[in-house]
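Just follow the structure's listing: the first ligand is 1, and inside any ligand the first atom is 1.
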Amino acid sequence: MSIIFDEKKRIFRLDTSDSSYVIKIYNEGYLLNLYYGKKIPDCNLSGFETRRRNASFSLANPVIGETSFTPDTAPMEYGCNGAGDFRISALAVRNADGNSVTDVRYRSHRIYAGKPSIPGMPSTYVNSDDEADTLEIETVDSVTGLTVTLVYTVFKSVPVMTKSVRVENGSERELVVERAFSCCCDFPTMDFDLVSLWGSHACERNIERRPLAHGVQGVESKRGVSGHSQNPFAAFTRHGSTEESGDTYGFNFVYSGNFSALAECDHNASTRFIMGINPTDFEWKLIPGGTFYAPEVVCVYTDGGLGEMSRVFHRFYNNNLIRGRYKTEKRPLLINSWEAAYFNFDSDKLVGFAEAARELGVEMLVMDDGWFGKRNNDKCSLGDWYVNEDKLEGGLAPLIERINALGMKFGIWYEPEMISPDSDLYRAHPDWCVHVPGREPLIGRRQYVLDVSREDVRENVWNQMYEVLSANKIDYVKWDFNRNISDAGSALLPPEHQKEFFHRFILGTYELMDRLVTTFPDILLENCSGGGGRYDPAMLYYSPQIWTSDNTDAIARLDIQFGTSLCYPASAMSAHVSANPRADYKMKGAVAMWGTFGYEMDPRHLSDEEKELFKSQVRDYHRYYDLIRYGDLYRLVYPDRSGAAVWEIVSPEKDGFLLNIVTVCSFDYFRLIVKPRGLDPEKYYRNDSDGEVYSGALLMYAGIDCSNRIWGDHSTCVMHFMEVPAPENE
Ligand code: DGJ
């Protein structure tokens, strides 16, 4: 068992492959978070139970007495509101007396092999029960009857722990959950940098690193979705740590709605971190016997810096989050119609795209927005999911037959959670859009949000989708979401449940997605939200790939992809070569090849030279597919830190690697010596492009001088190295 309970010391130790997490049941049942970090064999951590300096006045538990223990400064495992712990709290539940004083203490625990799922919600999973162990600690508030179960799973072959929380009303009276964070960690120090991912539409997931300061800091979303602005990710990395080394803790929230990830540093220079559903505009009413499930947080610890943290997330998500046929099966190489045609297409044009793309080796045509209702622009028809026969004469079947006859698969676009005011659906059901009484809802991209928190609404949209998907041979669905949620409310919910709307909406989305992937398990689902506006691990549970950004400019994509790779694997990162003018097709190919590769352009009028280049990209795509899909990523040079960006992918067996160099601004460097990492120093590797052979040691410690392999702005050099026997004269 990787979870041990020491009855005498009343201590739990939870070990992953490389980390330990220690919880103590202190006097009066207070749960304390004594340690999280590098794996330790023993738990003599008595000095960590209390923190000496009080902030102002020391508030003591009368039973324990005025000792050095006060909830104000102790490393609380799950900080509660209003009972002497004045830091940001993980839990606040309003009781029938109208106050929100909340104080849960240890009652019981159980330890078992495997990992539970969370009803109605995505979460990571085990492939077999011996992969992980789970600890459930039941806590109770003796005054209100509130029961809170803290659920921890530790994995044996990766340094990953997951946390989630179950809140139950064990009383006879109603309770209202005001906040129930999924993860709370109390670190004894604040000598960390907080790393987060900020962004906007077409500029997603830029890396930001800032030293922790006293007070509260963090990232959050109130947009109804995880959003473009901040990703539900936060890492704490020790001051001075690098890509290669240093204590690093990564946290990623498996949730697609409003979130908060907050750190508070107090006068003791200790840090509390909480991550969970954003309490703003959130409440959940619990009738007696009712249960609320707080989603999961994935926690990674490594002393190998941000680089190793990323590789752990990548391995873990590929193995324990992404599901279905395309978890392992090769994804079809696609061409998407959006940037080639926008709304302006008909069957012949699409078949023309497919014919030209097939010649290059492309395997699937995706028909993007514009195929349904009267949709010739973005002003109408969301909600009317029937074929526009003015564009697609005879419907979808004849078009798909023509595409299939070329030996290609066919994919389609949907935006199921939206409704256009100019749609048959809206005319029939104006109350189905998200709105509150007396206010005209705001409009975004000329559309309203469809209230999928309602079962009748979900039923309608699902039936429409089912009709199309069951009657046609559709291999892929792109699921889009092109606005944020304002005027949050549902016409069906009584006033005292209105604050449940945001979470109910997300649960409705999950239900719809789940229906899609279970009814049509062969369909490859790709998530999208105006590019990467809903790029979170919860979405990966349903869709193994996500459209990374609407920005297909290869230079801009460098920052976006470097940032995305902080916690999301290459297999999740859709990246297309487009006609965007800034870089040449060679560079676009190299940058897109990092992710789930595809094209997004009109392929009918390419020059012979372009065709040959694209064919060679397709060959490379097949050749390097497994390496990129299963390999380990090393971010060698960040694009914003020099004139070049360099990333490397090493095979798990260390018998080959791919080195990618692109120059952003040649004035910024004079000499570029690249030192690959993660190789076997004892092995020898041959550079495919010039036949030169180097030891792994030489490559890693001396490096390769690449100054003459790249020239000018936006130039590209991709080198593939394979293991070879040691040269005889070495
Ligand atoms: C936003 C997406 O990010 C694009 O790729 C495209 O699908 C459009 N929506 C279609 O409206």
Side-chain angles (χ1 to χ4, degrees), residues 199-205 223-229 231 256 334-345 349-350 353 364-385 388 391-392 410-423 443-450 465 474 476-485 524-536 539 543 545-554 556-557 560-561 564 568 572-580 588 592 595-602:
S200 68
H201 176 244
C203 180
E204 292 89 339
R205 288 172 298 286
R223 295 169 180 273
V225 285
S226 38
H228 291 91
S229 301
N231 197 261
S256 312
L334 66 82
I335 186 158
N336 179 297
S337 68
W338 181 243
E339 287 193 27
Y342 297 104
F343 298 100
N344 179 18
F345 60 80
K349 196 182 218 179
L350 292 175
F353 289 167
M364 177 161 77
L365 176 91
V366 174
M367 175 179 66
D368 209 279
D369 194 354
W371 59 270
F372 51 91
K374 298 188 176 53
R375 185 113 164 144
N376 293 317
N377 51 45
D378 62 10
K379 291 186 183 144
C380 70
S381 298
L382 295 171
D384 297 345
W385 300 109
N388 179 341
K391 284 182 175 174
L392 309 179
F410 179 79
I412 197 168
W413 180 95
Y414 274 100
E415 195 172 0
E417 303 141 282
M418 294 290 161
I419 182 167
S420 304
D422 180 5
S423 65
I443 195 114
R445 208 197 184 201
R446 301 182 176 89
Q447 62 201 52
Y448 294 141
V449 182
L450 187 64
M465 290 176 79
I474 290 174
Y476 161 109
V477 166
K478 179 173 170 186
W479 183 308
D480 211 339
F481 187 94
N482 285 304
R483 59 161 287 177
N484 293 147
I485 305 179
L524 169 60
L525 183 62
E526 173 157 345
N527 178 60
C528 171
S529 172
R534 196 156 62 175
Y535 209 110
D536 58 60
M539 282 295 132
S543 64
Q545 58 195 52
I546 304 178
W547 182 225
T548 310
S549 175
D550 275 348
N551 195 336
T552 54
D553 169 274
R557 270 288 180 129
I560 295 170
Q561 295 184 184
T564 303
Y568 303 105
M573 198 162 70
S574 281
H576 298 169
V577 171
S578 78
N580 190 297
K588 289 174 193 172
T596 302
F597 188 65
Y599 289 92
E600 183 145 346
M601 55 162 45
D602 185 343

So, N527 side chain and R534 main chain: donor-acceptor pair closer than 3.5 Å or not? yes
Without swapping roles, check the side chain of S381 against the backbone of K374 for a donor-acceptor pair under 3.5 Å. yes
Intermediate values then yes/no, salt bridge (Lys or Arg N to Asp or Glu O under 4.0 Å), E415 and R483: CA-CA 11 Å; E415 195 172 0; R483 59 161 287 177; over 6 Å; no
Nearest non-hydrogen contact with atom 1 (C) of ligand 1 belongs to which option: T552, D480, N551?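 Result: the heavy atom closest to atom 1 (C) of ligand 1 is in D480.
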Which residue, R557, E600, H576, E339, forms the side-chain hydrogen bond (donor to acceptor under 3.5 Å, both in side chains) with T552?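 Going through R557, E600, H576, E339 one by one, the side-chain hydrogen bond (donor to acceptor under 3.5 Å, both in side chains) with T552 is satisfied by E339 alone.
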Between H201 and ligand 1, which residue portion shows a heavy-atom distance shorter than 4.0 Å: side chain, backbone, both, or neither?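 Contact part for H201 vs ligand 1: neither.
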Where on D378 is there a heavy atom closer than 4.0 Å to ligand 1, on the side chain, on the backbone, on both, or on neither?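 Contact part for D378 vs ligand 1: neither.
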Tell me: protein heavy atom nearest atom 4 (C) of ligand 1, and distance? D550 OD1, 3.4 Å
Who's the nearest protein heavy-atom neighbour of atom 7 (O) of ligand 1, and how far?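 The protein heavy atom lying closest is D368 OD1, 2.6 Å.
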Atoms of ligand 1 close to [X] [distance to a heavy atom under 4.0 angstrom, numbered from 1]:
| X | answer |
| --- | --- |
| C528 | 2 (C), 3 (O) |
| W547 | 3 (O), 5 (O) |
| D369 | 10 (C), 11 (O) |
| G531 | 3 (O) |

Side-chain donor-acceptor pair present, S256, D536, cut-off under 3.5 Å: yes
Within-cut-off N or O pair, [X] and ligand 1, under 3.5 Å:
| X | result |
| --- | --- |
| R445 | yes |
| E600 | no |
| W413 | yes |

Near-ring test Y414/W371, centroid separation under 6.0 angstrom: yes
Taking atom CZ of R223 as the centre, does the number of heavy atoms from other residues, nucleotides or ligands within less than 6.0 Å exceed 12? no
contact_flag E339 ligand 1 heavy-atom lt 4.0 Å: no
Non-hydrogen atom of K478 closer than 4.0 Å to ligand 1: yes
Which value, rounded to the nearest 0.5 Å, describes the distance between M418 atom CE and N482 atom CG?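 If we round to the nearest 0.5 Å, M418:CE and N482:CG are 6.5 Å apart.
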Classify the angle between the aromatic ring planes of W385 and F372 as parallel (below 30°), tilted (30 to 60°) or perpendicular (above 60°). tilted
